[in-house]
Number of protein chains: 2
Amino acid sequence: MTSIKDVAKLAQVSVATVSRVINNTENVQDETKERVLAAIKELNYSPNLLGRSLRRLETKKILVMLNTISNQFYSRVVKGIEEKAIPHGYTVMVCMTHGNCKIEQRYMQMLKTRLVDGAVFLTTEQDGNTLTNELSAVNVVQACEPREDFLTSTVSIDNEKAAYDSVSYLIKKGHKKIAFFGAGDIYQSSIKREHGYCKALKENNIPVNPNWIFNEGFSFNAGIRASSLLLSKGELPTAIFCISDSCAAGAMKALAQNDIKIPDDISIMGFDNTQLSQIYMPSITTLKQPQYEIGYQAMELLLNKINGTDTNINHLLLDYEIVERESVKQI
Amino acid sequence: MTSIKDVAKLAQVSVATVSRVINNTENVQDETKERVLAAIKELNYSPNLLGRSLRRLETKKILVMLNTISNQFYSRVVKGIEEKAIPHGYTVMVCMTHGNCKIEQRYMQMLKTRLVDGAVFLTTEQDGNTLTNELSAVNVVQACEPREDFLTSTVSIDNEKAAYDSVSYLIKKGHKKIAFFGAGDIYQSSIKREHGYCKALKENNIPVNPNWIFNEGFSFNAGIRASSLLLSKGELPTAIFCISDSCAAGAMKALAQNDIKIPDDISIMGFDNTQLSQIYMPSITTLKQPQYEIGYQAMELLLNKINGTDTNINHLLLDYEIVERESVKQI
DNA sequence: TTGTAAGCGTTATCAG
DNA sequence: CTGATAACGCTTACAA
């Protein structure tokens with residue numbers, strides 16, 4: 001590996017001069033500069049960023065932590081993060097935890113040890129107190145699925161209100177028998193959406209039927225499982241509000257296999273407006289989260305934190321909208 | 001930020017001793033060790049990995065370069081990479097290029113400047129000669145979509161043979177009129193699959209109809225576009241061999257909207273066995289690439305390269321299999 | 001305009 | 001078993 005010393009030797013100058021040329025930081029005589037540039041080219045030299053970062057105490061790197069990239073939802077969030085980060089000179093890297101605490105801690109080590117300047121957590125596996133303690137000295141924000149006990153700035157939608165609006169929409173479409181396919185109380189978003197679901201029913205004087213609340217998860221298979229359970233209950237609802245588009249698709253497939261027509265027999269509503277909701281047959285009526293914007297704003301908060309421009313803890317709630325497609329029918 | 005010096009001072013030992021305790025590298029008296037560990041705990045100290053990497057000239061970090069994580073196909077490949085890397089002490093980070101040369105070069109800079117020990121390229125935007133030159137001194141392998149002019153070890157399937165087998169399968173199912181939805185000659189995999197498609201037809205004395213070859217891309221929308229073009233041609237085939245599952249789904253949706261029944265009127269075959277092929281209605285018959293295995297083996301080659309165990313350029317071709325589902329019918 | 005040298009946080013060598 | 005110190009590659013006062 002060629003270092004700055006090799007360049008200096010070849011160009012017959014000091015390493016300081018080479019550094020000045022590389023960073024365009026002070027005046028260097030044209031002739032010397034050219035000699036240095038020629039040497040750099042000849043040796044195919046690139047400055048070692050470890051050395052630079054160690055000296056400058058900054059790396060210009062950002063980590064995005066998430067459970068898994070197989071969840072389509074996150075890809076546009078990351079895109080938003082990147083498009084804010086790159087113009088400010090930051091490079092973004094994505095790290096998957098696969099729901100594994102150990103792996104998450106390993107990446108956190110990179111944070112704590114200054115291998116990166118900051119991180120955006122899209123999901124996390126650990127409890128908030130631990131995280132708050134461990135990461136007290138580093139720059140972190142949360143987006144999408146924030147934990148309230150992890151004390152950082154956050155960007156997300158108002159999950160309770162979004163669910164409330166979704167279920168109100170179904171009610172407006174004439175539905176009174178509405179089931180909820182959630183993910184259970186390990187997910188704050190699921191708890192809140194269940195609250196919103198109940199609130200909308202109550203406000204419309206529809207009793208909440210606990211037999212119609214299932215918590216099998218976000219995935220396609222979760223939708224299948226929840227549908228099977230629902231079918232075993234006897235009476236069927238006319239609509240199902242699902243925690244995710246994948247879950248909605250799973251529900252649709254399981255119901256279709258039992259000769260239940262969507263939306264003629266049962267209406268289905270998804271959540272997130274992932275590509276799946278557009279391409280499924282029938283296409284899925286869903287609630288669009290502003291994924292790109294969530295990422296963009298989260299990165300903005302992180303930059304402010306890194307620069308010391310804003311030391312407050314902010315909680316941004318962004319707008320959402322219902323996207324009407326084919327899976328919900330007026331009755 | 002607390003450094004090793006602070007720990008040494010608090011524990012009343014030298015920094016060397018602290019380092020020995022951290023790395024468990026030499027014998028340290030139990031009593032001293034405990035004092036050091038107590039100090040580390042009290043100061044909540046983590047060693048700065050920049051310093052360590054600079055000293056050791058290795059970072060134990062691997063980059064995975066790809067176009068975009070929104071392509072489901074890659075998520076299992078990355079999983080395979082991770083599961084080989086982690087037990088060897090390596091940490092994996094994913095970097096998206098979004099088809100942008102500039103961004104790709106930025107990540108390559110991390111490679112050239114020793115911020116990471118190596119990289120697996122799943123896709124690349126630049127021409128092979130440039131890459132070969134730029135990255136001659138670093139540890140790199142390619143997987144999935146290798147460029148032959150980028151001289152590295154590669155892991156993939158035999159795309160021509162896989163396409164040949166897929167089309168032969170359709171022929172065995174009684175189809176003689178078979179269209180091809182490809183991605184065009186910017187993708188080596190597309191070129192090769194088109195070759196395989198033509199070869200299978202010729203071997204069965206079926207003339208290749210250039211009107212039935214479309215190159216709109218890998219995406220869902222590409223499938224929609226290709227279908228629209230196909231419908232404008234007049235005569236329809238009885239089967240379509242698609243370059244990806246997304247493309248197949250797009251084709252199915254566009255055809256369904258024109259009241260063409262899948263698989264009764266036209267059979268559709270996808271490629272990759274992504275989750276979409278399982279969950280779509282009807283489910284999509286497809287060719288399963290061993291995604292996890294591709295990633296795992298690519299990482300193995302990379303480790304051998306990093307360790308200097310194997311300096312050859314290897315080209316691994318892994319097995320694939322046809323997964324029969326609902327979108328192809330015997331006629 | 002250029003060079004010298006200190007220092008970023010580690011680890012490894014060499015003495016003791 | 002422990003400490004002092006050089007070195008990794010770079011940037012930046014300070015001096016010349």
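Protein chains get the first letters and strands the later ones, always in sequence-line order, with residue 1 at the start of each.
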Rounded to 10°, the helix from C/dT1-D/dA16 to C/dG16-D/dC1 deviates from straight, judged by its five-pair end axes, by 50°
With A/Lys33, which residues qualify under salt bridge (Lys or Arg N to Asp or Glu O under 4.0 Å), at least two apart? none
For B/Arg147, salt bridge (Lys or Arg N to Asp or Glu O under 4.0 Å) partners two or more places apart: B/Asp149
Distance in Å, B/Met93 CE paired with A/Lys61 NZ, rounded so as to fall on 0.5 Å steps: 9.5 Å
Quick check for you: to the nearest 0.5 Å, what is the distance between A/Thr68 atom OG1 and A/Asn100 atom CG? 12.5 Å
Any ion pair linking A/Glu293 and A/Lys84 (charged N to carboxylate O, less than 4.0 Å)? no
Given protein heavy atoms under 4.0 Å, the one-letter contact record of nucleotides 1-9 of chain D, with B base, S sugar-phosphate only and - none, is simply SBBB-BBBB
Nearest-Å distance, NZ (B/Lys60) to P (C/dT11)? 14 Å
Between B/Phe73 and B/Phe218, is the ring centroid distance below 6.0 Å? no
So, the side chain of A/Ser19 versus the backbone of A/Val15: is there a donor-acceptor pair under 3.5 Å, distance only? no
Do you see a donor-acceptor pair shorter than 3.5 Å between the side chains of B/Thr123 and B/Glu145? no
Heavy atom of residues 105-119 of chain B under 4.0 Å from DNA chain C: which residues? none
Separation of atom CG in B/Asn23 from atom C1' in C/dT10, rounded to whole Å: 9 Å
A/Glu83 and A/Tyr292: side chain donor to acceptor below 3.5 Å: yes
Protein-nucleotide distance (A/Asp6, atom CG; D/dC10, atom C1'), rounded to Å: 13 Å
Applied to residues 114-149 of chain B, the ring pair (Phe, Tyr, Trp, His ring centres under 6.0 Å) test, sequence neighbours excluded, yields B/Phe121-B/Phe150
